[in-house]
Amino acid sequence: MLDDFMTRATLAGVGVAFAAAPLGCFVVWRRMAYFGDATAHAAILGVALSLTLQVPIFPGALAIALVMALTVTLLSGRGYAMDTLLGVMAHSALAFGLVAVSFLSGIRIDLMAYLFGDILSVSRSDLIVIWGGAALVVALIAWRWSQLLTATLNEELAYASGFDPKREQLILTLALAITVAVAIKVVGILLIAAMLIIPAAAARSLARSPESMALIAAAIGATSAVAGLRGAYIFDTPAGPSIVCVAAILFACFSLIGWQRQTRI
């Protein structure tokens with residue numbers, strides 16, 4: 001069954017959706033959209049590093065994404081506004097990564113595949129990495145769910161409950177770096193933030209609780225992956241952007257439903 005490239009692509013898309021869904025909810029609740037975007041942009045430097053050292057893309061992208069996220073977390077509140085710091089580091093990392101790639105000699109690289117994804121070329125080993133990373137992210141979020149939720153709602157309440165909200169921030173940072181690393185092959189560096197934010201934002205208007213929002217976001221992300229791949233196959237469009245387009249359409253539909261409910265009330 002896994003010899004079929006469409007089957008592997010579908011499994012990869014669903015795996016990324018499951019990883020991004022619960023994490024995306026916290027990104028939306030904490031208003032960390034730009035943080036996720038900055039971490040994703042930094043991953044191109046990790047791609048260049050991996051190619052230079054001739055190691056798999058995943059560890060290089062994970063390492064640089066994690067360094068980027070930790071650096072922003074440590075430097076925030078030290079004289080620069082968060083959005084300014086994120087803007088400087090995100091675009092700097094992306095620029096340095098693109099320049100570093102241009103210096104690679106003897107290595108043929110399809111830069112568009114890393115920027116916008118190449119889900120149709122996913123291999124069996126890629127599936128192992130994607131689903132392994134997704135399982136790790138889901139396990140991390142499930143393990144610290146109540147603590148993460150409390151720290152998101154109120155830091156003082158978190159301190160009163162006996163745990164450090166900064167530690168929970170680091171757990172989110174680690175989960176975000178893992179998600180970025182596994183999603184590069186599927187939707188690419190420039191579209192990873194969209195898969196984090198759009199399904200979670202779409203689920204927000206339908207959910208009655210934080211847990212239901214995470215589950216609905218996972219369902220929306222998986223549906224977007226399957227429908228986007230089907231649309232890309234039928235209309236001969238890029239697979240990664242097609243997945244994001246379907247997610248955006250679902251967001252518009254569910255937002256309209258939520259708006260109509262509020263109007264009736």
**Study point:** Ile130, Leu191, Ile192 screened by side chain to side chain contact (heavy atoms under 4.5 Å, CB included) with Val186, the one that passes
**Key:** Ile130

Study note, to complete from the structure: To the nearest 0.5 Å, atom CZ of Arg204 lies from atom OG of Ser212 at 12.5 Å

**Study point:** Nearest-0.5 Å distance, CD1 of residue Ile216 to OG1 of residue Thr223
**Key:** 11.5 Å

Review point. In terms of hydrophobic clustering (I, L, V, M, F, W, Y; side-chain heavy atoms under 4.5 Å; direct or indirect links), are Leu149 and Val138 co-clustered?
Key: no

Check your understanding: Any salt bridge (Lys or Arg N to Asp or Glu O under 4.0 Å) pairs touching residues 171-197, not counting sequence neighbours?
Key -> Asp126-Lys185

**Study point:** Over all atoms of both residues, closest heavy-atom pair of Leu45 and Ala100
**Key:**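 Answer, listing the atom of Leu45 first, then Ala100: CD1-CB, 4.5 Å.
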
Exercise for review: Measure the shortest side-chain to side-chain distance between Ser161 and Leu157 over non-hydrogen atoms and say whether it is less than 4.5 angstrom.
Suggested key: yes

Point to revise | Rounded distance [0.5 Å steps], CG in Leu62 versus OG in Ser50 | key: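 Taking CG in Leu62 and OG in Ser50, the distance rounds to 9.5 Å.
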
Check your understanding: Between CG of Asn154 and OG1 of Thr150, what distance do you get to the nearest 0.5 Å?
Key ->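 Going from the CG atom of Asn154 to the OG1 atom of Thr150 covers 9.0 Å.
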
Check your understanding: Can you list the steps and then say if Ile44 with Phe96 is a side-chain contact (heavy atoms from CB on, under 4.5 Å)?
Key -> CA-CA 9 Å; Ile44 190 66; Phe96 277 112; over 6 Å; no

Review point. Would Met68 and His41 satisfy side-chain contact (heavy atoms from CB on, under 4.5 Å), going step by step from the backbone distance to the final call?
Key: CA-CA 9 Å; Met68 170 71 174; His41 283 183; over 6 Å; no

Point to revise | Gln147 atom CD, neighbour heavy-atom count above 12 within 6.0 Å | key: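 Yes.
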
Check your understanding: Is the number of heavy atoms from other residues, nucleotides or ligands within 6.0 Å of CZ (Arg30) greater than 12?
Key -> yes

Review point. More than 12 foreign heavy atoms under 6.0 Å from OH of Tyr159: is that the case here?
Key: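 Yes, enclosed.
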
Check your understanding: Can Ile64 be reached from Leu136 by stepping across I, L, V, M, F, W or Y side chains whose heavy atoms are under 4.5 Å apart?
Key ->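 No, separate clusters.
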
Point to revise | Least distance between heavy atoms, Ala175 atom then Ile141 atom | key: CB-CD1, 4.4 Å

Check your understanding: In Å and rounded to the nearest 0.5 Å, what is the CG to CG distance from Leu23 to Leu174?
Key ->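 CG of Leu174 is found 10.0 Å from CG of Leu23.
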
Revision key, fill the gap. In this structure, CZ of Phe26 is separated from CG of Leu172 (nearest 0.5 Å) by 6.0 Å

Check your understanding: If two hydrophobic side chains count as joined below 4.5 Å and joins carry through other members, does Phe163 share a cluster with Trp29?
Key -> no

Review point. Which heavy atom of Ala200 sits nearest a heavy atom of Met213, and at what distance?
Key: O-CE, 3.2 Å

Review point. With a 3.5 Å cut-off and no angle check, do the side chains of Thr10 and Thr7 form a donor-acceptor pair?
Key: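 Looking only at side-chain atoms, Thr7 and Thr10 do not form any donor-acceptor pair under 3.5 Å.
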
Exercise for review: Would you check if Arg230 and Ile234 make a side-chain contact, meaning some heavy-atom pair closer than 4.5 Å?
Suggested key: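 In contact.
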
Exercise for review: Please check if the side chain of Arg8 supplies one atom and the backbone of Val122 the other of a donor-acceptor pair under 3.5 Å.
Suggested key: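 Yes.
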
**Study point:** Residue pair Ile220 / Ala202: nearest heavy atoms and the distance that separates them
**Key:** CD1-CB, 3.7 Å

Point to revise | hydrophobic_cluster_shared for Met6 and Val16, side chain cutoff 4.5 Å | key: yes

Exercise for review: Begin with the C-alpha distance, continue with both residues' side-chain angles, and end with the deciding distance and a verdict on side-chain contact (heavy atoms from CB on, under 4.5 Å) for Phe18 and Val14.
Suggested key: CA-CA 6 Å; Phe18 287 164; Val14 172; 3.5 Å; yes

Review point. Is there side-chain contact between Trp131 and Val182, with at least one heavy-atom pair below 4.5 Å?
Key: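 A side-chain contact under 4.5 Å is absent here.
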
Atom pairs and distances, side-chain donor-acceptor, residues 235-254, under 3.5 Å, sequence neighbours left out:
residue : atom : partner : partner atom : Å
Thr237  : OG1  : Ser242  : OG           : 2.7
Ser242  : OG   : Pro238  : O            : 2.5

Exercise for review: Kindly give the heavy-atom pair with the smallest separation between Ala12 and Ile119, and that separation in Å.
Suggested key: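 Where Ala12 meets Ile119 most closely, the heavy atoms are CB-CG1, 4.4 Å.
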
Practice item. Consider only side-chain heavy atoms of I, L, V, M, F, W and Y, link residues closer than 4.5 Å, and tell whether Leu51 and Leu49 are in one cluster. Key: no

Practice item. Provide the closest heavy-atom pair for Ala222 versus Ala17 in the form atom of the first, atom of the second, distance. Key: N-CB, 3.4 Å

